[in-house]
Amino acid sequence: MKYTASRLSEGNKAFPMEIHLTESSVEIKKPGVFSGESKYLNYEDITAIEIDTPMIGFSTITLYLNGTQVKVHGFSKSDVQQIRKQIDEYRSLRKK
């Protein structure tokens, strides 16, 4: 499943951030002109998920991994709720 941040959100004007969810990991992509940056996060490494959904503006999802955090901003409220739900489902499947 692929989610793309809104171009109207701060920091996503030219190249919006993307979150790709697979059965084994979360890929966070920051596209660029000549090259992009990708982070792969295994579900087993994610210790907590936090979402910030303001009344006005775009939502932020924060993934906590063994003492570090990865924040991704610019998604709709419904997108971050779906992302969190799917990550939680994949994490529970991996624990079985």
Audit row: Thr68, Asn66, side chain to side chain contact (heavy atoms under 4.5 Å, CB included) steps and yes/no
CA-CA 6 Å; Thr68 62; Asn66 302 325; 5.8 Å; no

Going by the rule side-chain contact (heavy atoms from CB on, under 4.5 Å), which residues pair with [X] if we only count those two or more places apart in sequence or in a different chain?
X     : answer
Lys85 : Glu89
Leu8  : Ser6, Phe58
Gln81 : Ile51, Lys77
Thr22 : Ser24, Ser25

Separation between [atom1] of [X] and [atom2] of [Y], rounded to the nearest 0.5 Å:
X     : Y     : atom1 : atom2 : answer
Ile28 : Lys71 : CD1   : NZ    : 13.0 Å
Leu93 : Asp88 : CG    : CG    : 11.0 Å
Tyr3  : Gln82 : OH    : CD    : 4.5 Å
Leu41 : Glu27 : CG    : CD    : 9.5 Å
Leu63 : Ile87 : CG    : CD1   : 5.0 Å
Ile61 : Met17 : CD1   : CE    : 11.5 Å

Kindly indicate, with the supporting measurements, whether the criterion side chain to side chain contact (heavy atoms under 4.5 Å, CB included) is fulfilled by Tyr90 and Leu21.
CA-CA 9 Å; Tyr90 283 132; Leu21 301 176; 4.3 Å; yes

Under the side-chain hydrogen bond (donor to acceptor under 3.5 Å, both in side chains) rule, collect the residues that match up with [X], sequence neighbours excluded.
X     : result
Ser59 : none
Thr53 : none
Ser78 : Ser76

Looking only at heavy atoms, what is the nearest atom pair of [X] and [Y], with distance?
X     : Y     : value
Val80 : Phe75 : CG1-CB, 3.7 Å
Pro31 : Pro16 : CD-O, 3.2 Å
Ser9  : Gly74 : OG-CA, 3.3 Å

Answer yes or no: is there a donor N or O on one side and an acceptor on the other, between the side chain of [X] and the main chain of [Y], under 3.5 Å?
X     : Y     : value
Thr47 : Tyr64 : yes
Arg91 : Glu44 : no
Arg84 : Glu50 : no

With a 4.5 Å cut-off on side-chain heavy-atom distances among I, L, V, M, F, W and Y, is there a chain of contacts connecting Val70 to Ile46?
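They do share one cluster, since a chain of ILVMFWY contacts under 4.5 Å joins Val70 to Ile46.
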
Under 4.5 Å between side-chain heavy atoms, chaining through other members, with only Ile, Leu, Val, Met, Phe, Trp and Tyr counted: pull out the rest of the cluster around Ile56, sorted by chain and number.
Met55

Quick one, Met1 with His20, criterion side chain to side chain contact (heavy atoms under 4.5 Å, CB included). Give me CA distance, side-chain angles, the key distance, then yes/no.
CA-CA 6 Å; Met1 189 62 100; His20 297 261; over 6 Å; no

Basic-acidic side-chain contact under 4.0 Å: Lys29, Glu37
no

